[in-house]
Amino acid sequence: MKKIVVLTGAGISAESGIQTFRDGDGLWNKFKFEEVATPEAWNRNPATVLEFYNWRRKKVWEAKPNTGHLALVKLEEKYEVKIITQNVDDLHERAGSKNILHLHGEIKKARSTIDSDLIYEHKHWKLNLGDTCEKGSQLRPHIVWFGEPVPLMEPAKKIASAADIFMIIGTSMVVYPAASLVVYVHPDKPKYYIDPKAFMVGGISNLNIIKKTAGKGVPELVEQLLKNWQ
Ligand code: APR
């Protein structure tokens, strides 16, 4: 089966009511990431960090997958599809996609602050000060914060380098190392970038720019790929 690898960002969840980060109404225009999404912020004021992620988690809890998420599931009828997402929401899972790697963590999980292998599923959207792991340490959001290592980058590179077709959906391609994944795709392989602000990424060959929203552009491309399937 031909392998399709998809790199998604906040833009694919925008039409599900989840704000992106750097658009006009983006989160980083409302919040200082230094105060809510860094290990330093956590050490300084964990209550503020917990409140920020509780607010975001509640929105994820209330959101639904959109036509962009659902179209990627349809692609699995004829292709082996692997999704590498920068998103911490679970909309790909709830749409029904099978192979998903979360590069930047998962907002519906919390983890121990003394043993990062201790990871727990959230039963409720709220995580409070005093909620502890089985070793008694405060639980923190299971998120990769700015300045923290991205533990799943090595498997993600391997997945990207095996792609027969590569799709980039709804990401500004400014955050590394995630944005570097396209470099690992074989230069001869077709690549598609779906985003209203999609641009020619420097040094990348066979890149097709589709300046559309995910909700519109992904179903159209999926239909084309299913029709042209060999
Ligand atoms: N459909 C497709 N793309 C969209 C849509 C839409 N409906 N709405 C907005 N976009 C695009 C924007 O044009 C922009 O290019 O989504 C992109 C969102 O970019 P960012 O806000 O920078 O989000 P992302 O690229 O996912 O951020 C990467 O940065 O803040 C950190 O860890 C966080 O994972 C995140 C990482």
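Hydrogens, waters and symmetry mates play no part in the numbers below; they use all other heavy atoms, side chains included. Atoms within a ligand are numbered from 1 in the order they appear, just like the ligands themselves.
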Worked check of side-chain contact (heavy atoms from CB on, under 4.5 Å) between E51 and N54: CA-CA 5 Å; E51 198 185 322; N54 285 346; 5.5 Å; no

Any donor-acceptor pair under 3.5 Å from N87 side chain to G9 backbone: yes

Residue pair I119, E106: steps toward the side-chain contact (heavy atoms from CB on, under 4.5 Å) verdict: CA-CA 10 Å; I119 298 169; E106 298 174 69; over 6 Å; no

Provide, to 0.1 Å, the distance between [atom] and the closest protein heavy atom, together with that atom's residue and name.
atom                    : result
atom 32 (O) of ligand 1 : H104 ND1, 3.4 Å
atom 35 (C) of ligand 1 : F21 CE1, 3.6 Å
atom 5 (C) of ligand 1  : G11 O, 3.6 Å
atom 26 (O) of ligand 1 : A10 N, 2.8 Å
atom 7 (N) of ligand 1  : E15 OE2, 2.8 Å
atom 31 (C) of ligand 1 : R22 NH2, 3.5 Å
atom 13 (O) of ligand 1 : D195 OD1, 2.6 Å
atom 24 (P) of ligand 1 : T171 OG1, 3.8 Å

Mind checking whether [X] contacts ligand 1 via backbone (N, CA, C, O), side chain (CB onward), both or neither, at a 4.0 Å heavy-atom cut-off?
X    : value
Q86  : both
T213 : both
S172 : both
F146 : side chain

Side chain to side chain contact (heavy atoms under 4.5 Å, CB included) partner of M167, chosen from V81, T8, L75: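 When V81, T8, L75 are each tested with M167, the side chain to side chain contact (heavy atoms under 4.5 Å, CB included) holds only for L75.
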
Shortest non-hydrogen contact from S97 toward I100: O-CD1, 3.5 Å

Shortest non-hydrogen separation from L72 to I12 and the atoms involved: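 The pair with the smallest heavy-atom distance is CD1-CD1, 3.9 Å.
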
Geometric cation-pi criterion, K108 with W61: 6.0 Å, 45°: yes

Any P196 heavy atom less than 4.0 Å to ligand 1: yes

Min heavy-atom dist V174 to ligand 1 below 4.0 Å: no

Distance-only N or O hit between ligand 1 and K212, under 3.5 Å: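 Looking only at distances, the answer is no, because the N/O contact criterion of under 3.5 Å is not met.
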
I18 and L91: CA distance, side-chain angles, deciding distance, side-chain contact (heavy atoms from CB on, under 4.5 Å) verdict: CA-CA 10 Å; I18 310 274; L91 295 178; 4.3 Å; yes

Full working for side-chain contact (heavy atoms from CB on, under 4.5 Å) between W55 and L27: CA-CA 12 Å; W55 173 78; L27 288 178; 3.4 Å; yes

Check each atom of ligand 1 against the heavy atoms of [X] and keep those under 4.0 Å away; list them by number with element.
X    : result
A214 : 1 (N), 2 (C), 6 (C)
G9   : 26 (O)
W28  : 30 (O)

Salt bridge (charged side-chain N to carboxylate O under 4.0 Å, His left out) assessment of K126 paired with D131: CA-CA 10 Å; K126 224 171 185 191; D131 292 347; over 6 Å; no

Test item: V36 and R56 side chains (from C-beta on) under 4.5 Å apart, heavy atoms: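 No, side chains not in contact.
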
